[in-house]
Engineer: 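Dropping the structure in here first, questions after.
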Amino acid sequence: MAFSMSMFRIFVFLCMLCSCVLGLENITVNIGIILELDWFGKVAKPAFEMAAEELNRTGQVGLVLHFRDSQGDPVRAASAGVELLQSGVVAIIGPQTSQEAGFVAELCDTAQVPMVSFSATDPLLSFYRFPYFIRLPHSDAVQMKAIAAVVQQYGWRQVVAIYVDNNYGAGVLSPLSDALLQVGSQISYRCPIPVRATRDFIRAELYKLMTMQPRVFVVHMTSEPGISLFSVAKDIGMMGEEYVWIITDGFSSVLDVLNSSTIDSMKGTLGTRTFIPISADFVNRWRNKFMAEFPVKEEDNPAKINIYAFYAYDAVSIIARAVYKLHSEGIRFSFSPSPLSRRKEVMDIKIFRQGSQLMKLLSETDYVGVSGQLRAREGELADSPYEILNVVGGQAGGGYRRVGFWKDGNGSISPPIDENATVTWPGGSESVPRGWATPVNRNMVLRIGVPEKLGFNQFVDITRDKLNKPEIIGGFSIDIFQEIVEKFLPFALPYKFIPYGNGNITPSYDELIQKLYTKDYDALVGDFTILANRSKYVDFTQPYSESGLVMVVPIQKADSSNALVFLRPFTPGMWIATGGIFLLTGIVVWVLEHRKNNTFRGTPGKQIVTLLWFSFSTLYFSQREKIVSSMARGVLIIWLFVVLILTSSYTASLTSMLTVQQMEPTITDVQSLLASRAPVGYQVGSFVGDYLQQQLGFNESQVKPYSSPLEFSVALSKGPNNGGVAAIFDELPYIRVFLSTQCGYTMVGPTYRTGGFGFVFPKGSPLVSVISESVLELSESPEMQRMQSKWFNMTACTKAGAQVQSNRLSMESFWGLYLMTGTASIVALVIFIGHLLYNYTRNSRSPIQENPSISAHVKSFVNYMDQKERKTRSPAPTKNFNSNYSPNSACVQSPMSLSATTTEQGRASSASSASLQLDSEIEQEEEEEEPQGNDVNHSIKYINS
């Protein structure tokens with residue numbers, strides 16, 4: 001703050017210097033100020049005069065301030081505005097309240113005279129609505145974000161807005177609602193208080209609030225009704241531990257001047273107001289000015305400064321800076337009559353010709369004033385953060401402490417209230433209130449709607465007495481809720497069950513949820529399924545029971561006398577996959593062995609028969625073919641392991657089918673039902689009927705409603721051809737109850753997931769989170785198991801029905817084995833082909849290199865692949881019998897020596913015949929297969945002969 005005052009003095013000095021150097025004329029500027037000269041106006045008036053006096057000392061700009069007293073009346077404020085505009089002012093400062101400022105802003109737009117507000121915070125007073133309006137403080141829209149940040153920090157879900165019933169109060173409702181929605185909260189109730197409301201009126205409104213659950217109150221009003229509000233709240237006990245009170249800057253800015261009794265009545269309150277860095281020098285000068293103008297005793301009227309005194313000083317300063325800049329550019333101010341002023345009372349308003357230029361300079365303001373950084377942005381100059389205050393009581397003119405900060409543009413709270421700060425809440429507690437409580441009026445009990453079902457009474461059991469009045473007996477859902485309320489909630493929750501239905505038919509659950517939405521009930525308890533479309537209108541607790549839509553059908557005895565019963569152990573898909581993997585393995589082994597093994601060579605027909613025979617003979621481990629390739633042996637080892645498991649599984653499954661009585665469902669999937677257009681059933685009143693039509697594609701004529709497990713059984717027993725149904729669709733908990741009482745049925749097909757069963761509350765109800773936590777605690781306790789055993793007994797029917805499943809083997813059980821053997825076969829095949837290609841590209845001398853077409857290369861490679869692989873014989877034994885022989889010497893020998901050499905080689909061959917006899921059979925086969933056109937082989941045979 002000392003720095004800002006120094007900068008201002010430098011500015012004054014520069015003004016004086018420029019006036020001396022440039023020789024500018026001294027100008028006089030008239031500025032109008034509209035105030036209510038109560039204590040608020042008395043605080044601001046000395047600040048206006050201080051700024052004008054200090055600027056006038058420059059000798060360049062002569063500011064003349066014209067004060068008008070509005071007496072807090074918007075009409076008087078408008079009249080004062082007309083009077084000032086008729087006198088030729090270049091700017092108007094004020095008035096104090098937003099309601100007054102709205103009238104004057106319209107007049108200033110007409111006269112093109114800038115209006116600078118130092119206190120009006122109504123969001124409706126914007127630069128876009130009034131082009132000649134600019135203000136120093138933040139609008140209340142920004143302040144509501146700060147309050148929402150506090151609400152978010154403590155996790156409060158519902159807020160009650162208490163506001164003064166005028167434009168200033170009502171203007172914050174929309175910004176507050178928007179800010180709360182962004183943090184997951186909402187305004188649950190709006191309580192307007194007239195400006196001059198009596199204590200009796202306030203007491204009646206507060207009693208009304210005591211009958212509601214929310215306990216977080218945001219108070220947006222000025223000091224006069226605010227003091228009465230907190231006085232009454234303390235008298236009737238609403239400043240206790242379970243309450244939260246948050247005040248806005250319209251009230252928190254005057255905490256310094258409140259007496260000790262008012263401060264004590266507000267103990268524990270939180271408040272937001274703009275943070276102003278206080279300068280001791282400025283405060284002392286202001287106090288001297290205040291005491292000189294209002295000479296009273298300090299104890300009678302203590303001179304307490306507030307934030308609006310700082311804004312008042314800066315309002316004059318920014319106007320003076322803009323006026324001087326225009327004057328330094330040689331612009332002179334002038335006025336003209338208003339052609340639009342036809343009404344007599346505004347006929348003499350003058351149009352300020354240079355008003356748009358002055359407004360443009362004001363909207364470009366960017367400097368540090370006594371109130372902090374002033375940077376124009378969308379018609380607002382303040383760039384200061386908000387401070388969060390906590391009223392702790394104890395003394396007049398204070399009794400509060402700062403517990404945090406919040407600045408617009410920094411996202412959420414960082415946090416707005418310091419985590420290390422100690423906050424005193426109403427009642428003196430330091431524990432954070434949960435923000436809601438049970439209504440004080442015990443006659444206001446929770447009205448809980450309960451569906452009156454005709455069947456499945458295990459969930460909600462309602463009977464009727466002799467007078468046909470419904471009476472709730474119990475049920476699983478009822479027991480869960482009562483257990484939570486009695487043993488898990490940390491507070492008392494009075495409630496009353498109200499049955500919904502006529503006793504003749506199960507009511508529609510969607511209709512019951514609609515009645516909760518229209519506030520006919522406060523909550524719903526029963527077997528309500530959590531669905532996405534329902535969650536748009538109500539809130540559900542955590543599910544207390546799992547759920548899911550399933551299909552139940554009759555079961556029948558499987559026919560084991562069928563001639564094709566041997567095909568039943570495998571599903572059709574399993575048979576196809578098994579045949580495919582057999583062929584794949586045979587093909588891979590044939591490719592790996594074809595070049596080396598004569599067994600896998602021959603005519604095409606012979607090779608095909610060998611391939612098929614080898615593949616399927618492995619099924620009985622009866623293959624006789626010798627395997628030569630190492631890779632083929634590896635593939636075969638893995639394949640034989642798979643065959644062992646397949647044959648064992650098939651044998652076990654077929655044995656079971658032929659020796660044990662088998663039961664099978666009449667229908668196995670939903671698709672067959674859709675194709676046959678057979679009728680299906682569902683439980684009346686539930687969402688299942690719509691789900692079958694909208695999601696699964698059943699026609700409306702196919703679905704039939706039923707009420708009880710007995711009706712389910714009768715419909716299934718009749719069947720679709722005798723007026724019954726082919727299948728029943730319902731949620732898993734109901735089907736379990738049905739199977740526990742009716743034998744001969746089973747669940748088939750997939751389970752369509754749903755959210756489970758939960759309790760239902762209105763949107764934003766604070767009870768949702770508390771009861772959800774209690775549901776989780778109950779689910780983890782043994783008590784949940786006890787209640788399930790009480791209402792749902794697993795009988796022999798249930799267990800038998802659960803065991804009736806298809807025992808045919810499918811790919812789901814064997815895909816891992818098939819993947820393993822298939823991968824091994826493909827990897828071996830790829831490696832072999834790659835190696836063959838490598839040898840082909842190195843050793844091939846085919847003349848097709850002259851014609852490099854793709855088809856020619858492919859044909860050449862296929863021929864190469866079909867050739868018999870030769871074994872390379874080492875010439876070492878021959879060298880031992882004739883060490884002098886070499887290829888070069890053979891070329892120069894005479895015929896006689898060649899004959900002698902040949903004879904000696906023949907002897908050596910006879911001497912080594914014993915060692916070569918071991919593989920003579922293989923040699924003979926190779927010689928039979930060798931092509932006779934090789935020139936080198938012919939030469940060698942000729943020499944040997």
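These values consider heavy atoms only, across backbone and side chains, with no hydrogens, waters or symmetry-generated copies. Just so you know, residue 1 is the first one in the sequence shown, and it goes up from there.
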Engineer: For the residue pair Asp408 / Tyr386, report whether a side-chain donor-acceptor contact shorter than 3.5 Å exists.
Structural biologist: no
Engineer: Please name all residues satisfying salt bridge (Lys or Arg N to Asp or Glu O under 4.0 Å) with Lys267, sequence neighbours left out, ordered by chain then number.
Structural biologist: none
Engineer: Kindly say whether Pro123 contributes a backbone atom to a donor-acceptor pair with the side chain of Ser139 at under 3.5 angstrom?
Structural biologist: no
Engineer: Given the rule in the side chain to side chain contact (heavy atoms under 4.5 Å, CB included) test, do Ser188 and Val160 qualify, once you have shown the distances and angles that lead to the verdict?
Structural biologist: CA-CA 6 Å; Ser188 62; Val160 175; 3.8 Å; yes
Engineer: Is Glu224 atom CD crowded by more than 12 heavy atoms from other residues, nucleotides or ligands, each under 6.0 Å away?
Structural biologist: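 It does not: Glu224 CD has 12 such atoms or fewer within range.
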Engineer: Check whether the ring centres of His327 and Phe333 lie less than 6.0 Å apart, and answer yes or no.
Structural biologist: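 No; Phe333 has its ring centre 6.0 Å or more from that of His327.
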Engineer: Can you check side chain to side chain contact (heavy atoms under 4.5 Å, CB included) on Ser317 and Tyr367, steps first, answer last?
Structural biologist: CA-CA 11 Å; Ser317 300; Tyr367 88 107; 3.4 Å; yes
Engineer: Looking at the rings of Trp286 and Phe290, which for Trp means the six-membered one, are their centres under 6.0 Å apart?
Structural biologist: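 For Trp286 and Phe290, the ring centres are under 6.0 Å apart.
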Engineer: Could you tell me whether a side-chain N or O of Asn390 sits under 3.5 Å from a main-chain N or O of Val423, the two making a donor and an acceptor?
Structural biologist: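 Here the side-chain-to-backbone pair does not exist.
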Engineer: List the atom of Leu255, the atom of Ile263, and the distance in Å for their closest heavy-atom pair.
Structural biologist: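 So the minimum-distance heavy-atom pair works out to O-CD1, 4.0 Å.
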Engineer: Within a strict 4.5 Å, meaning less than it, do heavy atoms of the Phe67 and Leu37 side chains meet?
Structural biologist: no
Engineer: Ignoring hydrogens and angles, tell me if any N or O in the side chain of Ser328 forms a donor-acceptor pair with the backbone of Lys325 under 3.5 Å.
Structural biologist: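 Yes; at least one donor-acceptor contact below 3.5 Å.
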Engineer: Of all residues at least two apart in sequence or in a different chain, which pass the side-chain contact (heavy atoms from CB on, under 4.5 Å) check with Ile331?
Structural biologist: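 With sequence neighbours excluded, Ile331 shows a side-chain contact (heavy atoms from CB on, under 4.5 Å) to Leu326, Glu329, Gln354, Gln357, given in chain and number order.
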Engineer: Say whether, by atom type as modelled, one donor and one acceptor occur between the side chain of Arg273 and the main chain of Ser252 under 3.5 angstrom.
Structural biologist: yes
Engineer: Checking the side chain of Ser79 only, and the main-chain atoms of Val75 only, is there a donor and an acceptor separated by less than 3.5 Å?
Structural biologist: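 Not a single qualifying donor-acceptor pair exists.
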Engineer: Can you name the nearest heavy-atom pair linking Lys763 to Gln158, along with the distance?
Structural biologist: O-NE2, 4.1 Å
Engineer: Looking only at heavy atoms, which two atoms of Ile305 and Asp256 are closest? And how far apart?
Structural biologist: O-OD2, 4.3 Å
Engineer: When Gln99 is tested against each of Asp73, Val164, Leu125, Asn166 for side-chain contact (heavy atoms from CB on, under 4.5 Å), which residue passes?
Structural biologist: Asn166
Engineer: Give a yes or no on whether a salt bridge exists between Arg129 and Asp122, defined as a side-chain N under 4.0 angstrom from a carboxylate O.
Structural biologist: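 Asp122 and Arg129: not salt-bridged.
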Engineer: Can you tell me which residue among Phe48, Tyr311, Tyr313, Phe310 is in a ring pair (Phe, Tyr, Trp, His ring centres under 6.0 Å) with Phe118?
Structural biologist: Phe48
Engineer: With a 3.5 Å distance limit and no angle check, can you tell me whether Ser185 reaches the backbone of Leu181 through a side-chain donor-acceptor pair?
Structural biologist: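 It does not hold such a pair.
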Engineer: Mark yes or no for whether Gln143, through its side chain, and Asp249, through its backbone, hold a donor-acceptor pair below 3.5 Å.
Structural biologist: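 Yes; at least one donor-acceptor contact below 3.5 Å.
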Engineer: Count the heavy atoms of every other residue, nucleotide or ligand shown that sit under 6.0 Å from NZ of Lys360, and state whether that count exceeds 12.
Structural biologist: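 No, not enclosed.
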Engineer: Verify whether one side chain among Arg401 and Thr424 offers a donor that lies under 3.5 Å from an acceptor in the other.
Structural biologist: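 Yes.
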Engineer: For Val89 versus Ile31, what's the shortest heavy-atom pair and its separation?
Structural biologist: CG1-C, 4.2 Å
Engineer: Between Asp314 (side chain only) and Val370 (backbone N and O only), is there a donor and an acceptor less than 3.5 Å apart?
Structural biologist: yes
Engineer: For a quick test of reading the model, state the closest non-hydrogen atom pair linking Ile187 to Arg190 and the distance between them.
Structural biologist: CG2-CG, 3.8 Å
Engineer: Scan residues 130-142 for pairs that pass salt bridge (charged side-chain N to carboxylate O under 4.0 Å, His left out), counting only residues two or more places apart or in two chains.
Structural biologist: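 Pairs touching residues 130-142 that pass the test: Arg135-Glu380.
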Engineer: Quick check against the 3.5 Å criterion: does Ser363 have a side-chain atom that pairs as donor or acceptor with the backbone of Met359?
Structural biologist: yes
